[in-house]
Amino acid sequence: MKIVSPETMKRIDKRTMDEFGINSRILMENAGKGCAEYIRDHILPRKGNVICFSGTGNNGGDGFVIARWLAHWHYPVQVVLLGNPEKMTEESRANLELCNQMDIEVIRTWDVISVRRLSETVEKSACVIDAIFGIGFKGKLEDYAIEAVNVINAHASLIVSIDIPSGLDSFTGNSETCVHAHYTLTLGAWKYGLILNKGMSYCGSTHLIDIGLPDKYFGEEQSAELLAREDVIFPARNRLNHKGSYGRIAVIAGSPGFAGAALMSSKACLRAGAGLVTLFYPKGMEMVFAGKVMELMTRIIPQKDEDMYDNESLLEMLEPFDVLLIGPGIGKGEKIQALVSYLLKYWSKPMVIDADGLNSLAADSSMLFHLKGKPIILTPHMGEFSRLAGITVDELENDIIGQLSKFVQTWGTQVLLKSSTTIYADDKHMDFIVTGNDGLATGGSGDVLAGIITSFIGQHLPIHQAAPAASWLLGKTAEGLARIRQTPSILPTDVIDALFVNEYLD
């Protein structure tokens with residue numbers, strides 16, 4: 001499914017009107033009727049009182065169309081017009097007039113006291129439709145709008161937001177005050193703000209309403225993919241293949257106190273289908289790793305002395321391998337930075353850099369110059385990415401798409417930015433992955449993900465397919481586990497053992 005910025009959505013709307021000759025009244029009618037049908041068929045099949053809060057812009061016009069159609073189907077409907085009527089768009093004004101002709105009650109208000117008096121009416125309604133502000137909203141709500149949002153949130157038993165909850169920034173997903181919808185019916189395409197930052201928690205169950213925009217425009221404009229099951233590509237399997245067909249993978253991981261990261265990433269690599277996995281670990285940890293994963297081979301990272309690894313010898317040892325994962329639990333310090341820097345310069349095959357590997361990059365930003373054009377993917381969480389990009393977490397949250405795009409363009413690399421909404425980005429692709437739950441909010445989940453990504457690359461998926469597919473699978477597996485146990489009890493090792501369980505992929 002396509003997901004776009006509000007600016008891209010506006011351009012597509014305009015192109016549809018200018019090039020296809022579909023005027024804004026028709027688009028508004030398509031939007032409003034589509035939403036009304038969804039409300040009738042899926043949200044409120046039994047006819048109950050509906051109150052529609054409409055603003056003076058085109059989002060409000062969509063609300064008037066919804067009110068008209070619900071009234072046509074004999075739902076008791078009231079409309080609250082919020083804002084200065086003199087600021088109404090032409091399309092909204094025309095649809096408000098049609099509501100008047102249908103004798104739908106219209107309450108006009110834009111002061112705090114009058115809005116507050118609507119509390120009892122909202123409380124008695126079966127459904128409140130939020131069509132106050134759409135994707136054009138930015139900044140802060142005015143006092144009367146804040147009061148409307150507070151009344152709706154406090155007193156409505158069922159809230160349906162149109163396009164996006166009013167008060168939510170459609171680009172960033174940030175908000176000081178916004179409607180907390182049970183359902184959001186988004187128009188034409190998903191918008192970034194629906195799933196970024198706290199967007200998902202405010203949108204409730206989100207559904208796409210087709211309003212008749214030409215599909216080809218989404219391909220021609222800058223748009224991204226919201227990954228669904230049909231978009232996910234897993235490595236191909238063939239019964240005639242042998243273990244070498246599915247990748248020879250090297251994992252450089254682990255240090256005293258962090259053996260678990262090495263074991264989880266390596267085992268996830270195997271469980272996701274890798275043919276051969278070898279763990280390279282620091283000298284002195286032989287007994288820690290001995291026999292822990294029977295299918296895993298192990299090697300010691302060669303050292304020149306106590307303060308430095310023998311990076312040249314290690315590179316020779318890595319020659320037979322197809323893909324390299326470096327970072328989980330490997331530790332920090334000068335010898336780790338020297339190791340990462342050396343491999344960045346001289347390792348030419350695919351590489352996944354995670355955890356402490358990313359910390360080394362952040363500690364010496366000159367290493368970033370070695371990323372350009374290489375088959376390398378970085379897998380940071382929000383804090384790690386902020387350090388890599390030299391920005392604060394607040395700066396990142398206020399412009400996730402912009403900062404991520406700038407980074408991949410500047411350094412010519414691939415990034416999987418991990419969060420409740422995970423984003424894959426390179427210079428040609430951007431994918432959003434929203435599978436998962438709070439069961440993944442446990443140390444080790446990132447190590448598991450890094451292992452799956454590395455495994456998929458070793459099984460011949462290109463990075464731009466391997467990383468999103470791995471993230472989708474991790475989240476979907478956690479969702480599947482939540483069917484049989486509560487999310488607080490889900491461990492990363494549970495996720496590893498449940499990978500590719502058929503019933504969890506439905």
Side-chain angles (χ1 to χ4, degrees), residues 13 22-41 43-111 114-115 117-137 144-145 147-149 151-152 155-156 158-166 179 181 183-185 187 209 211-212:
D13 281 344
I22 300 175
N23 66 41
S24 57
R25 280 287 299 277
I26 294 174
L27 288 178
M28 186 175 286
E29 188 69 20
N30 290 348
K33 186 178 182 185
C35 290
E37 288 174 338
Y38 194 93
I39 293 168
R40 178 195 65 189
D41 297 340
I43 299 176
L44 200 64
R46 293 184 179 180
K47 295 180 175 61
N49 292 351
V50 176
I51 180 167
C52 179
F53 282 76
S54 284
T56 57
N58 283 344
N59 191 250
D62 297 334
F64 299 142
V65 176
I66 294 168
R68 278 178 32 224
W69 280 102
L70 291 179
H72 174 72
W73 295 321
H74 306 294
Y75 284 79
V77 178
Q78 289 175 295
V79 169
V80 176
L81 173 58
L82 283 171
N84 186 348
E86 295 180 2
K87 296 183 179 180
M88 292 183 69
T89 64
E90 181 181 343
E91 298 84 359
S92 295
R93 192 181 303 279
N95 277 295
L96 176 61
E97 180 55 33
L98 291 175
C99 287
N100 289 328
Q101 291 180 27
M102 293 179 66
D103 295 325
I104 296 171
E105 181 184 0
V106 178
I107 302 168
R108 302 167 187 257
T109 180
W110 52 304
D111 69 88
S114 297
V115 171
R117 289 172 181 159
L118 295 170
S119 298
E120 187 176 347
T121 302
V122 169
E123 194 165 330
K124 290 180 179 178
S125 66
C127 177
V128 170
I129 295 169
D130 158 36
I132 306 170
F133 298 108
I135 63 173
F137 170 79
Y144 75 90
E147 188 62 30
V149 169
V151 165
I152 292 169
H155 298 283
L158 177 61
I159 305 168
V160 181
S161 287
I162 306 305
D163 212 10
I164 194 164
S166 293
V179 170
Y183 293 87
T184 297
L185 306 182
L187 307 174
I209 303 299
I211 64 173

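In this chain, residues are counted from 1 in sequence order.
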Over all atoms of both residues, closest heavy-atom pair of [X] and [Y]:
| X | Y | value |
| --- | --- | --- |
| Ile135 | Ile164 | N-CG2, 4.1 Å |
| Tyr75 | Arg46 | CE2-O, 4.1 Å |
| Asn95 | Arg68 | OD1-NH1, 2.8 Å |
| Glu29 | Val65 | OE1-CG1, 3.8 Å |
| Ile66 | Cys35 | CD1-CB, 3.6 Å |
| Ser161 | Ala181 | OG-CB, 3.4 Å |

When you measure from the side chain of Ser166 to the backbone N and O of Val179, does any donor-acceptor pair fall under 3.5 Å?
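Side chain of Ser166 to backbone of Val179: no pair is present.
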| Counting N and O atoms only, with roles assigned by atom type, does the side chain of Asp130 sit under 3.5 Å from a partner on the main chain of Pro165, one being a donor and the other an acceptor? |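 No, Asp130 side chain to Pro165 backbone: no donor-acceptor pair under 3.5 Å.
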Who passes ring pair (Phe, Tyr, Trp, His ring centres under 6.0 Å) against [X], sequence neighbours left out?
| X | value |
| --- | --- |
| Tyr144 | none |
| Phe133 | Phe137 |
| His72 | Trp69 |
| Trp110 | none |

Exercise. Only pairs at least two apart or in different chains count here, so list each side-chain hydrogen bond (donor to acceptor under 3.5 Å, both in side chains) that has a residue in residues 48-66.
Key: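 Output for this query lists Asn58-Thr89.
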Listed partners of [X] passing side chain to side chain contact (heavy atoms under 4.5 Å, CB included), at least two apart:
| X | value |
| --- | --- |
| Ala126 | Leu44 |
| Asn23 | Arg25, Ile26 |
| Asp111 | Thr109, Ile113, Ser114 |

For [X], what residues pass the salt bridge (charged side-chain N to carboxylate O under 4.0 Å, His left out) criterion, not counting sequence neighbours?
| X | answer |
| --- | --- |
| Glu91 | none |
| Glu86 | none |
| Lys124 | Glu120 |

Rounded to the nearest 0.5 Å, what separation is found between the [atom1] atom of [X] and the [atom2] atom of [Y]?
| X | Y | atom1 | atom2 | value |
| --- | --- | --- | --- | --- |
| Thr184 | Asp163 | OG1 | CG | 9.0 Å |
| Ile209 | Lys33 | CD1 | NZ | 13.0 Å |
| Glu123 | Leu118 | CD | CG | 12.5 Å |
| Arg117 | Ser119 | CZ | OG | 11.0 Å |

Between Ile107 and Thr121, is a side-chain contact (heavy atoms from CB on, under 4.5 Å) present by the stated rule, with each step listed? CA-CA 11 Å; Ile107 302 168; Thr121 302; 5.5 Å; no
Fill in: Leu185 vs Ile39, side-chain contact (heavy atoms from CB on, under 4.5 Å): CA-CA, chis, key distance, verdict
CA-CA 9 Å; Leu185 306 182; Ile39 293 168; 4.0 Å; yes
Fill in: pair Val106-Phe64: side-chain heavy atoms closer than 4.5 Å
no
Applied to residues 94-110, the salt bridge (Lys or Arg N to Asp or Glu O under 4.0 Å) test, sequence neighbours excluded, yields none
